[in-house]
Amino acid sequence: NPLGQALSKRLGVKVTVSVGKTYQSTIDSLINDEADLYFLPALSYLRAEPKTGALQILVSEEIRASLYDRAVLVVQSKSAIRRVEELAGRKFALVSRNSASGYLFPRVCLKRHKLDPDKILAKEKVIFAQNHDRALKLLLEDKVEVAATYDWAITENNGRLRKGIRVVAWSEPLPHS
């Protein structure tokens with residue numbers, strides 16, 4: 001792994017890099033003390049810290065000159081859905097229960113619009129995609145009508161919105177990983 005090799009050379013000790021398959025597997029690894037350093041999204045940190053009691057933030061990554069992301073609820077641009085209030089009865093792609101933008105934000109957003117997230121995000125109406133790219137893929141393949149993700153996932157390198165997607169709701173700024 002190039003990152004592990006570069007860190008090993010720079011630090012003078014062997015560094016092994018592994019990537020958790022899901023947010024939960026990364027949290028479990030942290031709780032089980034299986035590594036010394038973790039890159040965690042904010043919600044995963046908040047869920048893991050009470051179970052370890054010893055987590056210390058070393059660095060907050062600055063991406064695109066910002067310490068924040070915005071969570072978004074998106075639909076296909078061809079969709080008739082225009083407002084959050086129209087999301088009742090729709091099928092959703094959420095990322096993971098350990099994702100702020102891919103789980104917590106949609107629940108908060110629905111509550112703010114006087115909708116019951118437990119009813120709207122009932123088991124039969126949700127696919128947990130496990131990552132942001134897959135949530136968007138499920139949306140674009142017509143397997144769901146709404147996807148929860150974050151702003152970076154829906155923009156091209158030039159900063160423009162990806163083709164075929166429309167934003168229904170934006171969150172307040174969220175600290176990213």
Side-chain angles (χ1 to χ4, degrees), residues 1-74 92-109 121 126-141 143-144 147-165 167 169-177:
N1 176 302
L3 177 59
Q5 292 169 352
L7 287 170
S8 294
K9 184 177 178 181
R10 177 86 169 147
L11 298 172
V13 296
K14 183 175 179 358
V15 175
T16 303
V17 175
S18 64
V19 178
K21 292 187 187 323
T22 65
Y23 289 119
Q24 189 59 52
S25 67
T26 303
I27 291 170
D28 293 343
S29 174
L30 191 150
I31 291 167
N32 295 325
D33 202 25
E34 295 172 1
D36 297 315
L37 183 68
Y38 290 85
F39 180 82
L40 294 173
L43 189 57
S44 294
Y45 169 83
L46 291 172
R47 290 207 168 139
E49 202 285 328
K51 294 176 182 173
T52 66
L55 293 183
Q56 181 177 2
I57 297 175
L58 298 176
V59 173
S60 182
E61 178 183 18
E62 184 176 325
I63 302 175
R64 291 189 188 174
S66 173
L67 294 174
Y68 301 95
D69 294 318
R70 287 186 180 266
V72 291
L73 289 175
V74 295
F92 282 74
L94 301 180
V95 175
S96 160
R97 284 184 174 87
N98 292 307
S99 171
S101 58
Y103 179 74
L104 184 59
F105 165 69
R107 296 184 61 80
V108 170
C109 179
L121 300 175
V126 171
I127 295 174
F128 282 102
Q130 299 306 321
N131 65 58
H132 295 275
D133 289 337
R134 184 158 181 262
L136 288 173
K137 184 177 181 193
L138 290 167
L139 175 70
L140 294 172
E141 291 176 348
K143 296 197 167 103
V144 297
T149 188
Y150 64 105
D151 53 356
W152 278 40
I154 62 166
T155 55
E156 302 288 352
N157 290 337
N158 61 11
R160 291 191 177 137
L161 192 62
R162 285 173 59 171
K163 290 184 185 218
I165 293 175
V167 177
W170 294 85
S171 74
E172 295 297 318
L174 303 169
H176 55 72
S177 305

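All residue numbers refer to positions in the sequence shown, counting from 1.
Annotation: the span from K21 atom NZ to T26 atom OG1 amounts to 10.5 Å, rounded to 0.5 Å. Here CD1 of I154 is found 8.0 Å from CG of L136. Values are rounded to the nearest 0.5 Å. The structure places CZ of F92 at 5.0 Å from CG of L121, a figure rounded to the nearest 0.5 Å. Atom CG of D28 sits about 8.5 Å away from atom CG of N98, to the nearest 0.5 Å.
Judged by distance alone, the side chain of S8 and the main-chain N or O of G4 form a donor-acceptor pair under 3.5 Å. With R162 contributing its side chain and A153 its backbone, the two residues share a donor-acceptor pair below 3.5 Å. With hydrogens and angles disregarded, no donor-acceptor distance shorter than 3.5 Å links the side chain of S101 to the backbone of A71.
Between Y103 and F128, the ring planes are tilted. Angles from 30° to 60° get that label.
In this structure N131 satisfies the side-chain hydrogen bond (donor to acceptor under 3.5 Å, both in side chains) test with no other residue, sequence neighbours excluded. Annotation: side-chain contact (heavy atoms from CB on, under 4.5 Å) contacts of V17 (sequence neighbours excluded): N1, L3, V15.
S96 and Q130 get closest at one heavy-atom pair: CB-OE1, 4.3 Å.
Applying the 6.0 Å contact sphere to CD of E141 captures more than 12 heavy atoms from other residues, nucleotides or ligands.
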